[in-house]
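To start, the structure under review is shown below, and the notes come after it.
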Amino acid sequence: MYRNILITTFYTKTMNEYRQLTASEIEVLEKNVCWAEDWQRVMVAEGFKPYNHHRVMFYGDIRLGEFNKTVEVTKGFFKHSGINDATLRNVTVGNDCLIESVGNFINNYTIGDDCYISNVCTMETTDDATYGEGAVISVLNEMGDGNVTIFRELNSQLAAFMVKYNRDKELRQALQQMIEDELRVTRPKRGFIGNNVKIINAKDITNTVIKGYCEISGAARLSECTVMSSMDAPVFIGTGVICENSIICDGCSINNSVKMQDCFVGEACQITNGFTAEASLFFANSYMANGEACAAFCGPFSASHHKSSLLIGGEFSFYNAGSNTNFSNHAYKMGPLHYGTLERGTKTASGAYILMPATIGAFSVCFGKLMHHPDTRYLPFSYLLAYGEDCYLVPGRNITTVGLYRDIKKWPKRDKRSRQSRKSIINFDWLSPFTVGEIMQGINILKALREASGDNVSTYNFHEYVINATSLRKGLKYYDIALRIYMGAVLKRAQKEGYIGRPVSTVGKGRWVDLSGLLLPESEELRLIDDIKLGKLDNIQQVLDRFVDINNHYSDYRWAWSYQMILDYYHLDELDAAACERIREDYVRARRAWIAEIRKDAEKEFAMGDVEQEVFDDFLSKLDHEIDYEN
């Protein structure tokens, strides 16, 4: 059964609970300068009272609830519920609403209980309404065919899955059919406004579903949209916003002259200050201001603040876009006001990964070279530095920076989504089979470079990048520290959960992937593809549930991958008590070495005079408490 059928639960009465107006009620309404095309088609709730309706024109079929309460129109200012100065056609109004100053009309709408609608021009549902659902947009390639179908239950995993396998025609058609089947069942026959919605000073609202507890103040136009607001995660849409053919999810804020077309905005996103977006996706906690996006896939925790930032044709997550001339946001250390450095990587349309934003020089030169060498992704947590036309690669450098340390701590705290509104799955593990697998590939690459050129050289050449010898040695050191931290942490979790023996299943062995926040074995991703094609999953909710199920088994899959990795690293046949103790000791030493390197990084920045003493002392205090997590 579909989980999110848009049943209008705010209906206060069924059809047979409405009654016709009495002659005396019609008389009162007419004295209040109200008029009806046909009073017989104006039906009311049993407790309806006509006294609080003035200068209203009724056309078509009208259903009115009870109007007994007052409505708080602004803090401390209450007005009695009712309808004043409005034209309604084919409208149902719930209990205790206040509707006033409708400049044009409200046509073909169902309005829930306790709503406040004031100074709006037009609200209308037309015969061909889609409410923004079912449109196929093209992300990553703004000139290509559509590859993502937007609908209210879309999450970052399904969107990434659609993009990744768009060339699989059979899979694409199966997913499209599932979504169409759901929309056929769930799409409402006309627009509706949920309970406790406030719409004031808005011009045009057409073919738009607005769920409960949403506030719309000063919006210019909402056309073909679905706004998935809720009591625990209300949506705010503010001044000058133009939003067309788009879906806005729970907890979002869209404000200050944003212009958006053919977009999906996921839970707890903020889009503000004149940002413009077309054919783009924004998921979980993304923040966009001033700039623009086109055909962009903005995964969880994507951020852009600058007018000169154009996000186009790229896939981003845990990412802060700087302006063309400002790299400070990417090289920051202890400053409390910045977002984080890139954690998992930014994927371009070609499939290449930006390892870390450059901190100096002409980043575009490095980026251009990177595009031609997608295998560079296997040197994770690295910096790209440009000096003129030379690009230097610093492997693993970001593992030991203050920036990464702060990222690890802060991202979970910055998840502003309500517990009931978390469609997109986000795994916050900075060390996982996905990242550690690429670290191991990076180690192999660095060792191969050293073996090919020897130890008595000052630099190594990797494709078109230069790696200083000291950087290569430190990169191997940092990568090994990360491996030992990971193995010790996984083993500690396994011991707490009561298993350290051989995995009961092989699921999890092999390559892992990151599906826009969901870390999973590639084998499970491929199994999902087969199950869709074979018809084992026959509706889109089952596909979404599979992502949840995979995430629920993350610990099991991680242990299956980590167990063999630990045996290989330590040259063991099995994990006995002695081996576990050795791994634990290595873990403690590695963590202390990691914290010591981060302390050095903090001290270096403090010596530059960029950090206040209080901030520096507070940060060192946090590092001192890291020993609390060793056992």
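None of these values were measured; they are calculated from a predicted model. Because only heavy atoms are used, hydrogens play no part in the values below, and waters and symmetry mates are left out as well, while side chains stay in.
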**Request:** Taking the side chain as every heavy atom from C-beta outward, state whether Asn468 and Ser458 have any pair of such atoms under 4.5 Å apart.
**Result:** no

**Request:** Go through Thr435 and Glu438 one step at a time and tell me if the side-chain contact (heavy atoms from CB on, under 4.5 Å) criterion holds.
**Result:** CA-CA 5 Å; Thr435 52; Glu438 299 204 350; 5.9 Å; no

**Asked** Does Glu522 CD have over 12 foreign heavy atoms under 6.0 Å away?
**Response** yes

**Message:** What's the separation between atom CG in Asp549 and atom CG in Leu544, rounded to the nearest 0.5 Å?
**Reply:** 13.0 Å

**Item:** 4.5 Å side-chain heavy-atom contact, Tyr486 and Ser562
**Value:** yes

**Request:** Ignoring hydrogens and angles, state whether a donor on the side chain of Tyr287 or Asn320 is under 3.5 Å from an acceptor on the partner side chain.
**Result:** no

**Item:** Within 45° cone and under 6.0 Å: Lys409 NZ/CZ vs Tyr629 ring
**Value:** yes

**Request:** Indicate whether the side chain of Ser453 and that of Arg450 have a donor and an acceptor atom separated by less than 3.5 Å.
**Result:** no

**Note, Leu175 side chain near Met162 side chain (heavy atom, < 4.5 Å)** = yes

**Asked** Any idea which heavy atoms bring Phe282 and Ala293 closest together, and the distance?
**Response** CZ-CB, 4.0 Å

**Close side-chain approach of Leu537 and Leu528, heavy atoms under 4.5 Å** = yes

**Message:** Side chains of Ser555 and Glu497, heavy atoms from C-beta outward: is any pair under 4.5 Å?
**Reply:** yes

**Request:** Verify, without hydrogens or angle tests, whether Glu267 (side chain) and Ser424 (backbone) share a donor-acceptor contact under 3.5 angstrom.
**Result:** yes

**Asked** If you take all heavy atoms of Val148 and Val139, which pair is closest and at what distance?
**Response** CG2-CG2, 3.8 Å

**Polar side-chain atom of Asn290 near backbone of His305 as donor-acceptor pair, under 3.5 Å** = yes

**Message:** I want to know whether Phe619 and Tyr405 have ring centres closer than 6.0 Å.
**Reply:** yes

**Prompt:** Salt-bridged, Glu292 to Lys307, with N to O below 4.0 Å?
**Reply:** no

**Fill in**
Nearest heavy-atom contact between Ser286 and Gly299 is OG-O, 3.1 Å

**Salt bridge present between Glu581 and Arg584 (N-O < 4.0 angstrom)** = yes

**Prompt:** Of the non-hydrogen atoms in Asp480 and Tyr569, which two are nearest, and what is the gap between them?
**Reply:** OD1-OH, 2.5 Å

**Message:** When you measure from the side chain of Glu524 to the backbone of Val507, do you find a donor-acceptor pair of N or O atoms at a distance under 3.5 Å?
**Reply:** no

**Request:** Applying salt bridge (charged side-chain N to carboxylate O under 4.0 Å, His left out), run through Asp576 and Arg582 and close with a yes or a no.
**Result:** CA-CA 10 Å; Asp576 55 20; Arg582 178 186 173 189; over 6 Å; no

**Message:** Quick check on Glu614: does its CD atom have over 12 non-hydrogen neighbours (other residues, nucleotides or ligands) under 6.0 Å away?
**Reply:** no

**Backbone of Val402 reached by a side-chain donor or acceptor of Asp601 within 3.5 Å** = yes

**Asked** Among Phe381, Tyr587, Trp430, which one satisfies ring pair (Phe, Tyr, Trp, His ring centres under 6.0 Å) with Trp594?
**Response** Trp430

**Prompt:** Between atom NZ of Lys416 and atom SG of Cys269, what is the distance when rounded to the nearest 0.5 Å?
**Reply:** 13.5 Å

**Asked** Between CZ of Phe264 and CG of Leu154, what distance do you get to the nearest 0.5 Å?
**Response** 4.5 Å

**Request:** Look only at the side chain of Ser516 and the backbone of Gln157, and say whether a donor-acceptor pair between them is shorter than 3.5 Å.
**Result:** no

**Request:** May I ask you to check whether Tyr554 and Asp429 show a side-chain donor-acceptor distance below 3.5 Å?
**Result:** yes

**Asked** Could you walk me through whether Glu626 and Arg591 pass the side-chain contact (heavy atoms from CB on, under 4.5 Å) check?
**Response** CA-CA 9 Å; Glu626 281 295 324; Arg591 283 191 96 259; 2.5 Å; yes

**Prompt:** Taking Arg558 for the side chain and Val490 for the main chain, is one N or O donor matched with an acceptor at less than 3.5 Å?
**Reply:** no

**Min side-chain heavy-atom separation Val513-Leu518 under 4.5 Å** = no

**Request:** Nearest 0.5 Å please: distance from the CG atom of Leu446 over to the CD1 atom of Ile467.
**Result:** 6.0 Å

**Request:** Take atom NZ of Lys474 as the centre, draw a 6.0 Å sphere, and report whether it contains more than 12 heavy atoms from other residues, nucleotides or ligands.
**Result:** no

**Prompt:** Do any N or O atoms from the side chain of Trp561 and from the backbone of Tyr557 form a donor-acceptor pair under 3.5 angstrom?
**Reply:** no

**Non-hydrogen side-chain atoms of Leu393 and Val466 separated by less than 4.5 Å** = no

**Message:** Can you see whether Tyr165 engages Asn147 through a side-chain donor-acceptor pair at a distance of less than 3.5 angstrom?
**Reply:** no

**Item:** Charged N-O contact under 4.0 Å between Lys536 and Asp530
**Value:** no

**Request:** Ignoring hydrogens and angles, state whether a donor on the side chain of Gln176 or Thr149 is under 3.5 Å from an acceptor on the partner side chain.
**Result:** yes

**Message:** Within the 3.5 Å criterion, strictly below it, is a donor on Thr401 or Asn398 matched to an acceptor on the partner's side chain?
**Reply:** yes

**Message:** Can you tell whether the side chains of Lys622 and Asp617 come within less than 4.0 Å, N to carboxylate O?
**Reply:** no

**Asked** Would a 4.5 Å heavy-atom cut-off, applied to side chains only, mark Asn166 and Arg172 as touching?
**Response** yes

**Prompt:** Under the side-chain contact (heavy atoms from CB on, under 4.5 Å) criterion, do Cys580 and Gln495 qualify, and how do the steps go?
**Reply:** CA-CA 10 Å; Cys580 290; Gln495 289 173 324; 3.9 Å; yes

**Prompt:** When you check the gap from the basic side-chain N to the acidic O, do Arg167 and Asp145 get nearer than 4.0 Å?
**Reply:** no

**Item:** Under 3.5 Å donor-acceptor, Ser280 side chain and Ala277 backbone
**Value:** no

**Item:** Sub-6.0 Å ring centroid separation between Tyr465 and Tyr392
**Value:** no

**Prompt:** Taking the inter-plane angle between the rings of Phe297 and Phe283 on a 0 to 90° scale, is it parallel (under 30°), tilted (30 to 60°) or perpendicular (over 60°)?
**Reply:** tilted

**Pair Arg511 + Glu525, salt bridge at N-O below 4.0 Å** = no

**Other residues, nucleotides, ligands: >12 heavy atoms within 6.0 Å of Lys604 NZ** = no

**Request:** Please lay out, stage by stage, how Lys496 and Leu491 fare under the test side-chain contact (heavy atoms from CB on, under 4.5 Å).
**Result:** CA-CA 9 Å; Lys496 287 184 178 180; Leu491 183 62; over 6 Å; no

**Asked** For the atom pair CG (Asp618) and CG (Leu623), what is the distance rounded to the nearest 0.5 Å?
**Response** 10.0 Å

**Prompt:** Can you name the closest pair of heavy atoms from Ile426 and Pro300 and give their distance?
**Reply:** CD1-CB, 3.7 Å

**Asked** Is the closest side-chain donor-acceptor distance between His625 and Asp628 under 3.5 Å?
**Response** yes

**Prompt:** So, for Ile500 and Trp559, which heavy atoms are closest and what is the spacing to 0.1 Å?
**Reply:** O-CZ2, 3.2 Å

**Request:** For Ser302 and Tyr319, indicate whether the former's side chain and the latter's backbone hold a donor-acceptor pair under 3.5 Å.
**Result:** no

**Distance, nearest 0.5 Å, that separates CG of Leu158 from NZ of Lys423** = 11.0 Å

